[in-house]
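Below is one structure, written out as structure tokens, with a few remarks after it.
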There are 2 protein chains.
Amino acid sequence: MPEFIYKKKLYYNPVEFAMDRIGGTWKIPILWRLKNKTFRYGELKNDIPHITHKMLSSQLKVLEEEGFINRVVYAAVPPKVEYSITERGLAAISVIEVIRNYGIHLMQEFGIDETIIRNIQ
Amino acid sequence: MPEFIYKKKLYYNPVEFAMDRIGGTWKIPILWRLKNKTFRYGELKNDIPHITHKMLSSQLKVLEEEGFINRVVYAAVPPKVEYSITERGLAAISVIEVIRNYGIHLMQEFGIDETIIRNIQ
DNA sequence: CTGTATCCTACTTGATACTG
DNA sequence: CAGTATCAAGTAGGATACAG
């Protein structure tokens, strides 16, 4: 029985486990931006196209709970909260880069317009 | 506008595109088994724990349609169908290996039982 | 043996509103 | 400015039945 449970979810292999930590639609755009810069909440919100308030908020929360990013609250009115990447987050970035390069390669194989590929963030 | 549409779905980055091709719960267990061996349908069904008939069938279909595996039908009664990996599928395997190693590393960091990690397929 | 279709459930995400 | 809660919609996946 090689499968296991983490946070009430059943996993069959390490790939699933990894992609639940760093995958999904929004975690990668978030980590990608924090790679070499600290962002305030509102800056991330403005910088990531299409992300909703709810998703940014919830994804930041789990990324912090699972140790991929730091959250620093400044006691001020209005509130100021800054997010930065951790060592664990940086380790994820190097895996993301591999998947990203592979994704670009696949997009070319699948005939996605070269203009789009060149402009992809 | 760096985003694009493929098969009626909107993508924001290459990682999403890649993970829609080779991700999900079942594609990786399937590709992983075809890595260095041809399987009949029923052999895959028996070898992959928990997979349902419907999911094996549908995932094999899209993996074939998108060029990651070959499907060979033998004209016999009862039917015999063999699946094998393609060059494109092999390229995916090397990315899967990277994610897989990272996943194992994360599982250790997150305190998953070492016995489970050692026995993971 | 292999493949497809239908129905149903659970989960993820978006829209919106409310809070300190 | 940042975070949470509620509700609705869409999608992935399981159970089951039927077909060649």
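Letters A, B, ... mirror the listed sequences (proteins, then strands); counts begin at 1.
- Within 4.0 Å of Y83(B), counting heavy atoms only, lie sugar-phosphate atoms of the nucleic acid but no base atom.
- Annotation: side chain to side chain contact (heavy atoms under 4.5 Å, CB included) contacts of K54(A) (sequence neighbours excluded): T52(A).
- Between L10(A) and E16(A), the closest heavy-atom pair is O-OE2, 4.0 Å.
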Shorter than 3.5 Å, N or O on both sides, protein versus nucleotides 16-20 of chain C: list them out with atom names.
none

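- Contact check of residues 16-23 of chain A against DNA chain D (heavy atom, cut-off under 4.0 Å) returns no residues at all.
- Within the nucleic acid shown, K45(B) has no heavy atom closer than 4.0 Å to any nucleic acid atom.
- Judged purely by atom type and a 3.5 angstrom limit, R33(B) uses its side chain to pair as donor or acceptor with the backbone of D47(B).
- When heavy atoms are screened at a 4.0 angstrom cut-off, S58(B) is found touching no nucleic acid atom at all.
- In this structure, the helix from dC1(C)-dG20(D) to dG20(C)-dC1(D) shows an angle of 30° between the axis at its start and the axis at its end, each fitted on 5 base pairs and rounded to 10°.
- Atom-to-atom, CG of L60(A) to C1' of dT13(C) comes out at 16 Å; the value is rounded to the nearest Å.
- For the segment residues 36-43 of chain B, the set of residues with a heavy atom within less than 4.0 Å of an atom of DNA chain C comprises R40(B), Y41(B), G42(B), in numerical order.
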For residues 20-28 of chain B, dump all side-chain donor-acceptor pairs below 3.5 Å to protein atoms at least two apart in sequence or in another chain.
| residue | atom | partner | partner atom | Å |
| --- | --- | --- | --- | --- |
| D20(B) | OD2 | K9(B) | NZ | 3.0 |
| D20(B) | OD2 | Y11(B) | OH | 2.7 |
| R21(B) | NH1 | E66(B) | OE1 | 3.4 |
| R21(B) | NH1 | E66(B) | OE2 | 2.9 |
| R21(B) | NH2 | Y11(B) | OH | 2.6 |
| K27(B) | NZ | D20(B) | O | 3.1 |

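- With sequence neighbours excluded, no residue satisfies ring pair (Phe, Tyr, Trp, His ring centres under 6.0 Å) with F68(A).
- Closest-nucleotide positions on DNA chain D for P78(A) and S57(A) were compared, and the one nearer the 5' end corresponds to P78(A).
- Rounded to an integer number of Å, the gap from K9(B) NZ to dG14(C) C1' is 15 Å.
- Across all their heavy atoms, I48(A) and I51(A) have their closest contact at O-CG2, 3.3 Å.
- Residues in residues 42-67 of chain B take part in these ring-ring contact (aromatic ring centres under 6.0 Å, His included) pairs, two or more places apart or across chains: Y12(A)-H50(B), Y41(B)-H53(B).
- With Y74(B) as the fixed residue, the side chain to side chain donor-acceptor pair (under 3.5 Å) test singles out one of K80(B), R40(B), E82(B): E82(B).
- Between F17(A) and F4(A), the ring-plane angle classifies as tilted under the 30° and 60° cut-offs.
- Residues that satisfy the side chain to side chain contact (heavy atoms under 4.5 Å, CB included) test with N70(B), not counting sequence neighbours, are S84(B), T86(B).
- Following rounding to the nearest Å, R71(B) (CZ) and dC1(C) (P) show an atom-to-atom distance of 16 Å.
- When DNA chain D is scanned in the 5' to 3' direction for atoms under 4.0 Å from non-hydrogen atoms of chain B, the outermost contacting nucleotides are dG13(D) to dG20(D).
- When all heavy atoms are compared, the tightest approach of G103(B) to A18(A) is CA-CB, 3.7 Å.
- Listed by first and then second residue, the ring-ring contact (aromatic ring centres under 6.0 Å, His included) pairs that reach into residues 75-106 of chain B come to none, sequence neighbours excluded.
- Every residue meeting the side chain to side chain contact (heavy atoms under 4.5 Å, CB included) condition with K61(A), not counting sequence neighbours, appears here in chain and number order: E65(A).
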